[in-house]
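Convention: sequence-line order gives letters A, B, ...; per-chain numbering from 1.
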There are 2 protein chains.
Amino acid sequence: MARKSNDNKQQRILDAAVVEIAQHGYYHTTVARIAARAGVADGTIYLYFKNKEELLLRLFERAMERFSHEGRERLAAVATAREKLTGIVDLHLSLVGEDRDLAIITQVELRHSLHVLAHLSRTLVGDYLEVLTRVIEQGQAEGEFRRDLEPTFVAKAVFGVLDEMATDWVLSRRNTRLAGRAPAVTDFLLSGLLAPSDSD
Amino acid sequence: MARKSNDNKQQRILDAAVVEIAQHGYYHTTVARIAARAGVADGTIYLYFKNKEELLLRLFERAMERFSHEGRERLAAVATAREKLTGIVDLHLSLVGEDRDLAIITQVELRHSLHVLAHLSRTLVGDYLEVLTRVIEQGQAEGEFRRDLEPTFVAKAVFGVLDEMATDWVLSRRNTRLAGRAPAVTDFLLSGLLAPSDSD
DNA sequence: CTACCATGAATGAATGGGCATTCATTAATA
DNA sequence: TATTAATGAATGCCCATTCATTCATGGTAG
């Protein structure tokens, strides 16, 4: 076989990498193992990726593309900031909760070094936080959200809650649906912890 | 030198490890480098630690001991759940924000594998979440916190926000004080995002 | 008081294994 | 036949870990 190929070889390699890395961790996964699972020769990996680390980053990018794509659609479909926030929470938890192996990559393996984490935070995750920030600003402009909170601060807080729910789900072996938590998350983010004041 | 020693050799090794691992990451830090910075021979490391990984875990345990200790004191000093929550938020951000190198370890390097993360989540972090859960339950019993939220769920959400603030601070090179965010965090957790209803 | 052990800490050079990456060779297409 | 994909054995580096040896100490005996 030659030429024509490319097929979906790159995709096959990525798919294999997700499974292997989820199972053994990035540093204990050998390139040879990934190649074996993908059904290609070791060297072939290097025709599609500069090195092992680039392979890992591509995994995240591929996942993020899907997220961005669906996210844009959902946000366009609703009007109020509150609806948008609800949609983001639901989408985030739905997508992460869809594939446990991939979730292990995004919630654990990708964070193995300051270098990688800083890179992601500057790029893909940074974009995500910006979208969140815009939603908060919109809500404040519409008067539905409190105006005395910094939008970027709130965006990080929201992300923090979602990220922790996702990580917790990955670590728990239970078979709950992660997306099932979306309503509780949204509720908590919107209304906080305090009981309604006595005057109610 | 022999005998007597022990000195604080173990502590010196741990201190050296914090600096080296924060700078180069766990997998790119060699035992030889840690030994060199600690001023001991390579082999000496193995008199105090079973292997490289145990060294990393001890780092976290040492940090956590301090946290638990101060935490217990602070919690005992105040009565209401709301005060306790405020105290935890402040303590968490204060301690993490005190030493950037150590923060890199706790926020990034320790999470490099599912195996390590699961272990921590089951032990040290698990204990922390339990303390948080008790505080939430107390607040609910006292009627100050909403009763329609699952305490363990809230505990994770709170932890998620704190953890994200900490990670964000580590990744940002700015020189802000992390603890400065404590009031905003507490406020957000307590009151949420929604503007007070119109009836105000 | 001095010389001499016995003890266990500390050393650091050497070992061994693991694995990312390369590249000369082969195979498939146009 | 020319071109390019694919192969996978071989290379070479890197380091965690070991362990034979050295060294400092405190106790003991003369």
*Kindly calculate the angle separating the two end axes of the helix from dC1(C)-dG30(D) to dA30(C)-dT1(D), each obtained from five base pairs, and round it to 10 degrees.*
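Taking five pairs per end, the axes differ by 10°.
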
*Ile34(B), Leu55(B), Asn8(B) screened by side-chain contact (heavy atoms from CB on, under 4.5 Å) with Leu14(B), the one that passes*: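 Result for side-chain contact (heavy atoms from CB on, under 4.5 Å) with Leu14(B): Leu55(B).
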
*For the side-chain contact (heavy atoms from CB on, under 4.5 Å) test, which of Val89(B), Val131(B), Ile136(B), Val78(B) pairs with Lys84(B)?*
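The single option meeting the side-chain contact (heavy atoms from CB on, under 4.5 Å) with Lys84(B) is Val78(B).
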
*Sequence neighbours excluded, which residues qualify as salt bridge (Lys or Arg N to Asp or Glu O under 4.0 Å) partners of Glu137(B)?*
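Listed in chain order: Arg134(B).
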
_salt bridge (Lys or Arg N to Asp or Glu O under 4.0 Å) partners of Arg147(A), counting only residues at least two apart_ =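 Checked Arg147(A) against salt bridge (Lys or Arg N to Asp or Glu O under 4.0 Å); zero matches.
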
Write down the atom of [X], the atom of [Y], and the distance for their closest heavy-atom approach.
X: Gln140(B); Y: Pro151(B); result: OE1-CG, 3.4 Å
X: Ala166(A); Y: Leu178(A); result: CA-CD2, 4.1 Å
X: Gly143(A); Y: Ala195(B); result: O-CB, 3.7 Å

Please give, in whole Å, the distance from [N] [atom2] to [X] [atom1]?
X: Ile45(A); N: dA9(D); atom1: CD1; atom2: P; result: 16 Å
X: Lys9(B); N: dT11(C); atom1: NZ; atom2: C1'; result: 10 Å
X: Arg33(B); N: dA16(D); atom1: CZ; atom2: P; result: 11 Å
X: Tyr27(B); N: dC19(C); atom1: OH; atom2: C1'; result: 14 Å
X: Phe49(A); N: dA5(D); atom1: CZ; atom2: C1'; result: 16 Å
X: Ile34(B); N: dG12(C); atom1: CD1; atom2: P; result: 17 Å
X: His24(A); N: dC19(C); atom1: NE2; atom2: P; result: 11 Å
X: Asn51(A); N: dC13(D); atom1: CG; atom2: C1'; result: 16 Å

Taking only N and O in the side chain of [X], is any of them less than 4.0 Å away from OP1 or OP2 of [N]?
X: Tyr48(B); N: dA10(C); answer: yes
X: Thr30(A); N: dC19(C); answer: no
X: Tyr46(A); N: dA6(D); answer: no

*Among dA9(D), dT7(D), dT11(C), the nucleotide that comes nearest once only the side chain of Asp42(A) is considered*: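 Minimum distance to the Asp42(A) side chain belongs to dA9(D).
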
*When you measure from the side chain of Val31(B), which nucleotide among dA16(D), dT7(D), dA20(C) comes out closest?*
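From the listed options, dA16(D) comes nearest.
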
*Check the angle between the aromatic planes of His28(B) and Tyr27(A) and answer parallel, tilted or perpendicular using the 30° and 60° thresholds.*
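Perpendicular.
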
*Just call it for Leu47(B): base, sugar-phosphate, or nothing, with non-hydrogen atoms closer than 4.0 Å on any strand.*
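Base: the residue Leu47(B), judged by heavy atoms under 4.0 Å, touches a nucleobase.
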
_Is there a continuous path of hydrophobic side-chain contacts, each under 4.5 Å between heavy atoms, that joins Leu124(B) to Leu132(B)?_
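Leu124(B) and Leu132(B): one cluster.
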
Tabulated below should be each protein N or O lying under 3.5 Å from an N or O of nucleotides 20-22 of chain D; please produce it.
none

_List the residues meeting side chain to side chain donor-acceptor pair (under 3.5 Å) with Asp163(B), not counting sequence neighbours, and say none if there are none._
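Listed in chain order: Gln107(B), Arg111(B).
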
*Below 4.5 Å, heavy atoms only, C-beta onward: do Leu193(A) and Arg146(B) meet side chain to side chain?*
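Side chain of Leu193(A) against side chain of Arg146(B), heavy atoms only: no contact under 4.5 Å found.
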
*Quick one: are Ile104(A) and Val18(A) in side-chain contact, heavy atoms under 4.5 Å?*
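No. Closest side-chain heavy atoms not under 4.5 Å.
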
*asked:* Tell me which residues in residues 52-63 of chain A lie within less than 4.0 Å of DNA chain D, going by non-hydrogen atoms.
replied: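 None, since no heavy atom is under 4.0 Å.
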
